[in-house]
Amino acid sequence: MSASVNRIKSDFFQQDTVLVAQKLLGQYLVRQFPDGRIQRYRITETEAYCGIEDKACHTNKGRTARTEVMFQAGGKVYIYLIYGMYWMLNFVSGKADEGTAVLIRGIEGFNGPGKVGRELQLDKSFYGEDLETSTRLWLEEGPVPTQMEATPRIGIAYAGEPWISKPWRFCCI
DNA sequence: AAGACGATCCTG
DNA sequence: AGGATCGTCTTT
């Protein structure tokens, strides 16, 4: 019952993006809702978006208002609305100016990035949230999963080869 | 100013 | 297979 919790700090996110995506599996994504309720969800599925060279990565199109936070050092939230309906939760990774991030595609009980955003009641106000200091969204160390698998990423056919084939989606088995 | 479209999900 | 639904980026 230590009062200080094993919150994951910024330096964790500032590692190589693929490594961060892998190591996020099994960790607790913690949300404090507006009513004060705190809920912990283990991360079950992630995808690495590897910077300006990666045609599937949003920073490939350049530095814009939307992608600005992705060019900061790892440890911030990158969130955006897709299909007018779903908030996609990402954690900025790597060093400043790399333009990399990890998409959270699944948490225990909720598979699919749209469902993650909905369950956690996320919105644009989380853009740029600092995961090391936030009181409403952060990560805590969880048990390392026994097995994981790597597959190509979902929904990025437009990116073409070789990006479409990179095994940068990671799931707990 | 207008148009195109997306790292999705649900229904039929 | 197709519709929901809107912010962002591109084109005019």
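Reckoned from all heavy atoms, side chains included, excluding hydrogens, waters and symmetry mates. The sequence lines fix the lettering, A, B, ..., with proteins before strands; numbering per chain opens at 1.
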Chemist: The test is salt bridge (Lys or Arg N to Asp or Glu O under 4.0 Å); show your working for A:Arg169 and A:Glu45 and say whether it passes.
Modeler: CA-CA 7 Å; A:Arg169 170 174 173 252; A:Glu45 183 179 346; 2.8 Å; yes
Chemist: Rounded to whole Å, please give me the gap between CZ in A:Arg169 and C1' in B:dT8.
Modeler: 14 Å
Chemist: Rounded to the nearest Å, what distance is computed from the CG atom of residue A:Asn60 to the P atom of nucleotide B:dG6?
Modeler: 14 Å
Chemist: Looking at B:dT8 and A:Tyr83: do their rings stack (centroid distance under 5.5 Å, interplanar angle under 30°)?
Modeler: yes
Chemist: Looking across every strand, which nucleic acid part, if any, lies under 4.0 Å from A:Lys61 by heavy atom: base, sugar-phosphate, or nothing?
Modeler: nothing
Chemist: Please answer whether the main-chain N or O of A:Arg66 pairs with a side-chain N or O of A:Tyr127 as donor and acceptor at a distance below 3.5 Å.
Modeler: yes
Chemist: Do A:Arg118 and A:Asp123 meet the salt-bridge criterion of a basic N to acidic O distance under 4.0 Å?
Modeler: no
Chemist: Any salt bridge between A:Arg7 and A:Glu132, counting N to O under 4.0 Å?
Modeler: no
Chemist: Check the distance between C:dC9's P and A:His58's NE2 and give it to me in whole angstrom.
Modeler: 10 Å
Chemist: Using a heavy-atom cut-off of under 4.0 Å over every strand shown, decide if A:Met85 touches base, sugar-phosphate, or nothing.
Modeler: base
Chemist: Closer to the 5' end of DNA chain C via nearest nucleotide, is it A:Tyr86 or A:Thr64?
Modeler: A:Tyr86
Chemist: Looking only at side-chain N and O atoms, does A:Arg118 come under 4.0 Å of OP1 or OP2 in B:dC10?
Modeler: yes
Chemist: Is any side-chain N of the basic residue among A:Glu119 and A:Arg31 closer than 4.0 Å to the acidic one's carboxylate O?
Modeler: no
Chemist: Can you tell me which nucleotide in B:dC10, C:dG7, B:dA7 comes closest to the side chain of A:Lys115?
Modeler: B:dC10
Chemist: Whole angstroms only, please: what is the CE-C1' distance between A:Met70 and C:dT8?
Modeler: 15 Å
Chemist: Closer than 4.0 angstrom, basic N to acidic O: yes or no for A:Asp16 and A:Lys95?
Modeler: no
Chemist: Expressed as a whole number of angstroms, how long is the span from A:Trp87:CH2 to B:dC9:C1'?
Modeler: 17 Å
Chemist: Indicate, with a heavy-atom threshold strictly under 4.0 Å, whether A:Arg66 touches base, sugar-phosphate, or nothing.
Modeler: sugar-phosphate
Chemist: Determine: side-chain N/O of A:Arg105 to OP1/OP2 of B:dT8, distance under 4.0 Å, yes or no.
Modeler: yes
Chemist: C:dG7 P sits how many Å from A:Tyr127 OH, rounded?
Modeler: 16 Å
Chemist: Under 4.0 Å from OP1 or OP2 of C:dT8: is there any side-chain N or O of A:Lys124 that close?
Modeler: yes
Chemist: For B:dA7, give the paired nucleotide (Watson-Crick: N1-N3 plus N6-O4 or O6-N4; G-U: N1-O2 and O6-N3; both under 3.5 Å), or none.
Modeler: none
Chemist: Considering only the P atoms, how many Å lie between C:dT5 and B:dA2, rounded to the nearest integer?
Modeler: 22 Å
Chemist: Once you apply a heavy-atom cut-off of 4.0 Å, does A:Ile156 come out as touching a base, just sugar-phosphate, or nothing?
Modeler: sugar-phosphate
Chemist: What is the distance from CD1 of A:Ile79 to P of B:dT8, rounded to the nearest Å?
Modeler: 14 Å
Chemist: Touch check for A:Gly84, heavy atoms < 4.0 angstrom, all strands: base, sugar-phosphate only, or nothing?
Modeler: base
Chemist: Whole-Å distance between C:dG7 C1' and A:Leu122 CG?
Modeler: 17 Å
Chemist: Watson-Crick or G-U wobble partner for C:dT5, using a 3.5 Å limit on both distances?
Modeler: none
